[in-house]
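Before any comments, here is the structure.
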Amino acid sequence: MKCPFCGCNDTQVKDSRNADDDTAIRRRRECPECGQRFTTFEHVQLRDLIVVKKNGERVMFDRDKLARSIYIAVRKRPIASERVEKIVNSIQRRLESTGEVEIMSTKIGDMIMESLARLDHVAYIRYASVYKDFRELKDFEEFLDTLAKMAKPKGDEENG
């Protein structure tokens, strides 16, 4: 593993342990050249996935990009990083288990939306504002109205 600090190609593993519900291995590494320590994660990858973007461009699935988008949505929210990692792992497993090699980016976005809706409404709205490309205040208002209607308990319609 290449050192991210000095570029040395000969880093040493100092500690390994299971992480993320036993779906990954966390490795603590040290560079013999500069002495810096860093952490890597090893995840199972069942197959190479290709993401088809809205414009038709095809790119390799990037687990880190998926995680970053969720971390941005939950930033400064009381959400443990372990919860985010569970969401990322779950989405990746679901994508890999479809049997499809090409996955539409909208499918991934919808999976993220579902997960964030269950996790935290503020993170859900943050993600939705980018994913659904909100441009004006009315876009937020309409989305919040829809969210409020979904959250309203059944049988709680206005009485009379």
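This one's a predicted model, so the numbers in the text were calculated from it and none came from an experiment. Sequence positions, counted from 1, serve as the residue numbers for this chain.
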Would you find a donor on one side and an acceptor on the other, under 3.5 Å apart, between the side chain of [X] and the backbone of [Y]?
X	Y	result
T11	C3	no
S90	K86	no
D139	E136	yes

Would you mind reporting whether [Y] and [X] have side-chain heavy atoms less than 4.5 Å apart?
X	Y	result
I103	V52	no
M60	D48	yes
I125	F143	yes
K53	R58	no
L119	R77	no
V74	D120	no
I108	L66	yes

- prompt: Taking the six-membered ring for Trp, are the ring centroids of Y124 and Y131 within less than 6.0 Å of each other?
  reply: no
- prompt: Regarding R29 and T40, is there a side-chain donor-to-acceptor distance under 3.5 Å anywhere?
  reply: yes
query: What do you reckon, is CD of E33 surrounded by more than 12 foreign heavy atoms closer than 6.0 Å?
result: no
Euclidean distance, R37 CZ relative to F5 CZ, rounded to 0.5 Å: 12.0 Å
field: L116 with F140, same ILVMFWY side-chain cluster at under 4.5 Å
entry: yes
task: Could you walk me through whether K54 and T106 pass the side chain to side chain contact (heavy atoms under 4.5 Å, CB included) test, one step at a time?
output: CA-CA 8 Å; K54 291 177 187 174; T106 53; 3.9 Å; yes
query: Does a salt bridge link R94 with E114, judged by any charged N lying under 4.0 Å from a carboxylate O?
result: yes
- request: In sequence, state the C-alpha distance, the side-chain angles, and the governing distance for E85 and R63, and then conclude on salt bridge (Lys or Arg N to Asp or Glu O under 4.0 Å).
  value: CA-CA 10 Å; E85 287 300 317; R63 183 184 192 287; 3.4 Å; yes
query: Mind checking who shares a hydrophobic cluster with I72, ILVMFWY linked at side-chain heavy-atom distances under 4.5 Å?
result: none
